[in-house]
Chemist: 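Structure below; questions to follow.
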Amino acid sequence: MFLSPRTWSPLNQRRWSHFRANRRGFWSLWIFLFLFFMTLGAELIANDKPLIVDFNGQFYFPMLVSYPETTFGGEFETETRFRDPYVKNLIESKGWMLWPPIPYSYDTINYDLPQPAPSPPDANNWLGTDDQGRDVLARIIYGFRISVMFGLTLTFFSSIIGVATGAVQGYFGGLTDLAMQRVIEIWGGMPVLYLLIIMASLVQPNFWWLLLLMLFFSWMSLVHVVRAEFLRARNFDYVRAAKALGANDSTIMFKHILPNAMVATLTYLPFVLNHAITTLTALDFLGFGLPPGSPSLGELLNQGKNNLQAPWLGISAFAVLALMLTLLIFIGEAVRDAFDPRKLQSTHK
């Protein structure tokens with residue numbers, strides 16, 4: 001009930017109405033949320049394990065529990081490989097299996113291809129396979145999820161650091177602002193992509209290591225916006241009144257000034273998310289991103305470059321990236337217009 005727009009303040013209701021009026025951004029938000037929440041359940045859509053197995057009248061759930069092959073009458077104590085024809089015959093002779101729509105995970109190699117990998121799209125592999133025989137559509141679904149999760153996580157932590165830094169600079173000003181601004185200018189002048197490549201080549205990168213490396217630089221994107229808002233608002237009457245009443249600096253900064261500064265900050269978040277996703281894609285394309293074998297849109301683009309005879313690789317990855325980034329840009333434009341004070345004032349009048 002508290003999420004209903006009717007319970008919001010009049011100002012937020014006007015912002016929501018402006019956002020909805022931008023049909024392109026409004027529908028982009030719903031399309032993006034649909035794709036994102038669908039990929040959150042990627043294991044239910046693309047998996048080399050069945051969702052449910054009925055064997056001898058008993059139900060098994062291979063996605064949740066690992067079963068040895070002997071459970072289904074096999075010979076080995078190792079985990080069951082349900083795509084093995086021998087195991088399939090054992091189970092189907094005494095039951096059935098319910099498979100996901102795409103019976104491949106992101107790392108499943110299809111050994112029954114009609115021609116050498118990369119194979120073109122067909123009834124079994126809807127978008128074909130890559131140069132290792134892995135299903136392209138399954139890798140795209142998992143790659144979309146990891147790209148968005150990486151971008152959201154990086155945007156969240158970058159926003160915390162960037163907002164806090166900008167708030168300190170703008171509120172205290174003087175030598176504090178001057179010293180921090182010089183440090184940011186020097187740090188921001190470094191070639192970020194080259195430094196990321198150098199640091200990623202020194203260690204075996206993974207999701208959290210890449211997140212930490214990119215966090216070193218991505219937090220600066222919001223500092224200038226927050227700093228400008230705090231410099232503008234620190235001498236307003238309500239701030240002076242709070243000081244006169246004995247409020248400490250942290251209370252004034254984060255309770256009184258920050259809510260107003262967040263209006264400008266929120267309009268930048270979709271673009272920060274966009275930048276995080278493109279940087280991860282670039283690193284994966286260059287081979288300095290996620291570990292080998294990870295579902296990666298950048299790695300799929302690299303395969304498309306190396307296998308020009310298989311255009312479905314590059315076209316699939318490009319189409320997904322273009323759709324994802326376009327939706328985020330449209331959402332960011334709609335959010336920017338919704339928080340534009342000039343449009344809000346004209347509507348109020």
Chemist: Is it the case that Asn125 and Asn110 place a side-chain donor and acceptor less than 3.5 Å from each other?
Modeler: yes

Chemist: Do Leu313 and Val136 come close enough that some side-chain heavy atom pair is under 4.5 Å?
Modeler: yes

Chemist: So among Pro62, Pro68, Ser66, which one has a side-chain contact (heavy atoms from CB on, under 4.5 Å) with Glu79?
Modeler: Ser66

Chemist: Would you say the side-chain atoms of Tyr67 pair up with the backbone N or O of Phe61, donor to acceptor, closer than 3.5 Å?
Modeler: yes

Chemist: Between Ser218 and Val272, does the side chain to side chain contact (heavy atoms under 4.5 Å, CB included) criterion hold? Intermediate values first, please.
Modeler: CA-CA 8 Å; Ser218 61; Val272 176; 5.7 Å; no

Chemist: Quick one: does Tyr142's side chain get under 4.5 Å of Ser105's, heavy atoms only?
Modeler: yes

Chemist: Phe19 vs Trp16 aromatic rings, parallel, tilted or perpendicular, using cut-offs 30° and 60°?
Modeler: parallel

Chemist: With heavy-atom distances below 4.5 Å as the criterion, would you say the side chains of Thr70 and Phe76 are in contact?
Modeler: no

Chemist: Is the NZ or CZ atom of Arg20 positioned over Phe26's six-membered ring, under 6.0 angstrom from the centre and within 45° of the axis?
Modeler: yes

Chemist: Which residue, Phe32, Trp30, Phe36, Trp27, forms the side-chain contact (heavy atoms from CB on, under 4.5 Å) with Leu327?
Modeler: Phe32

Chemist: Assess the residue pair His224 and Ile184 against the criterion (side chain to side chain contact (heavy atoms under 4.5 Å, CB included)); give the C-alpha distance rounded to whole Å, side-chain angles, the decisive distance to 0.1 Å, and a yes or no.
Modeler: CA-CA 10 Å; His224 303 297; Ile184 290 176; 4.2 Å; yes

Chemist: Using ring centroids (six-membered ring only for Trp), state whether Phe72 and Phe82 fall under 6.0 Å.
Modeler: yes

Chemist: Using the rule side chain to side chain donor-acceptor pair (under 3.5 Å), only one of Asn124, Asp130, Thr129, Asp131 pairs with Ser119; which is it?
Modeler: Thr129

